[in-house]
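First up is the structure itself, then whatever we jot down about it.
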Amino acid sequence: MITPNMNKFEINAQMWKVADESPVVNSCVAKFKKECRHLPKGRVVMTRRFYDKASHQAYILCLAQDKGVACPLMLAEVDHGKQKWYYVLSEDPYDTTSAFSAHFFKRYSERSGKPYNMPSLINYYMMENRDVVKIYESEDGIEYAYASRTGIQLCRLDKERGISKFCTYVSLDMLGDTQKLALEAILGDIEEIENIRGNYKPIYKQTDQDVYDGIKSNIEWANATDYASQIACEIYKQYYEDEI
């Protein structure tokens, strides 16, 4: 079971063991790839929650493909007492592990107009916000924000555990005119990412090297802060104080 004291290496070791050995995961991934083979450029969405007795932990599989680009994820659903957290299995053990709070998804539901239907909501969030660019990072690296076409994700780094906590979601319609203009600078970056993704091989044709190259590109894109949009910092500071 994942506890609040476990670091990213311990969390990922447990999650990868389940991913490699669970018959539920193997069956769902095989079915997902089969559906993607039938619809190589179409939309395929599969969500499955299951409980692993060996690790005493609930997990969620979010398998999605849109316009030929696949986004398969596995999350651990953990109740730390005050609220649930959803830890995303990391492909790179040396990268920080992402964890989304239940509060984050509640705000996403309210501000996107999508029903709070868990865990399906997670899958749709991941599809809509697959391509992000960092728009702000504090001097100490603890607070930062990512922007996508639909909204802004406000985050806090737990340095000791190596966990990137996604704390709340701000929709674009909550921003002022000046703040919206600041974000327009990054839309070109997101469009470039989307165009590159469009040239990816279909998931059922990808080799291990293709998967690794995609992971490396995702990390580089997401962490390439656009310092030209300095006014975007105001967005983070304002909503960080109000929301988190």
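These numbers come from a predicted model, not from an experiment.
A parallel orientation is assigned to the rings of F100 and F166, their planes being inclined by less than 30° (bins at 30° and 60°).
Around the NZ atom of K114, the shell of radius 6.0 Å holds more than 12 heavy atoms that belong to other residues, nucleotides or ligands.
The closest side-chain donor-acceptor pair between D173 and S171 falls under 3.5 angstrom. For the residue pair Y125 / S112, no side-chain donor-acceptor distance below 3.5 Å is found, with atom types taken as modelled. A side-chain donor from one of Y86 and E77 sits under 3.5 Å from a side-chain acceptor of the other. A donor and an acceptor atom, one from each side chain of E128 and Y108, are located under 3.5 Å apart.
Here the shortest heavy-atom pairing between S109 and P115 reads OG-C, 3.6 Å. In terms of heavy-atom proximity, C155 sits nearest to Y146 at SG-CD1, 3.9 Å. Taking both residues in full, the closest heavy atoms of V25 and V18 are given as CG2-O, 4.2 Å, listed atom of the first, atom of the second, then distance. Scanning both residues, D79 and G81, for their nearest heavy atoms gives OD1-N, 2.9 Å. The two residues A58 and Y51 make their nearest non-hydrogen contact at N-CD1, 3.8 Å.
By the 4.5 Å heavy-atom criterion applied to side chains, Y144 and S164 are counted as neighbours. Between M6 and T3, the closest side-chain pair of non-hydrogen atoms falls below 4.5 Å. The closest side-chain heavy-atom distance from T168 to R111 is below 4.5 Å. Residues Y87 and I163 are in side-chain contact: their nearest non-hydrogen atoms beyond the backbone lie under 4.5 Å apart. A 4.5 Å side-chain heavy-atom check between R161 and I11 finds at least one atom pair inside the cut-off. At least one side-chain heavy atom of N129 sits less than 4.5 Å from a side-chain heavy atom of Q153. Looking at heavy atoms from C-beta onward, S22 lies in side-chain contact with F50 at the 4.5 angstrom threshold. A heavy-atom distance below 4.5 Å is found between the side chains of N12 and L89.
A donor-acceptor contact shorter than 3.5 Å is absent between the side chain of W85 and the backbone of A76. Looking only at distances, a side-chain donor or acceptor of Q83 sits under 3.5 Å from a matching main-chain atom of H103. Without hydrogens or angle criteria, N7 side chain to G162 main chain gives no donor-acceptor distance under 3.5 Å.
There is a path of hydrophobic side-chain contacts, each under 4.5 Å, that joins M174 to I152. The hydrophobic cluster containing Y116 also contains L75, counting ILVMFWY residues as joined when their side-chain heavy atoms lie under 4.5 angstrom apart, directly or transitively. Under the 4.5 Å side-chain heavy-atom criterion for Ile, Leu, Val, Met, Phe, Trp and Tyr, L61 and Y124 are members of distinct hydrophobic clusters.
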Which is it for M118 and K84 under the side chain to side chain contact (heavy atoms under 4.5 Å, CB included) test, yes or no, and what are the steps along the way?
CA-CA 12 Å; M118 298 290 277; K84 287 184 178 180; over 6 Å; no
Take M126 and L73 through the side chain to side chain contact (heavy atoms under 4.5 Å, CB included) test and state the conclusion after the steps.
CA-CA 9 Å; M126 295 297 181; L73 298 170; 3.6 Å; yes
Might you work through the side chain to side chain contact (heavy atoms under 4.5 Å, CB included) test for V45 and M127, ending with a clear yes or no?
CA-CA 9 Å; V45 181; M127 291 176 66; 3.8 Å; yes
Steps toward side chain to side chain contact (heavy atoms under 4.5 Å, CB included) verdict (T47, L63)
CA-CA 6 Å; T47 309; L63 310 175; over 6 Å; no
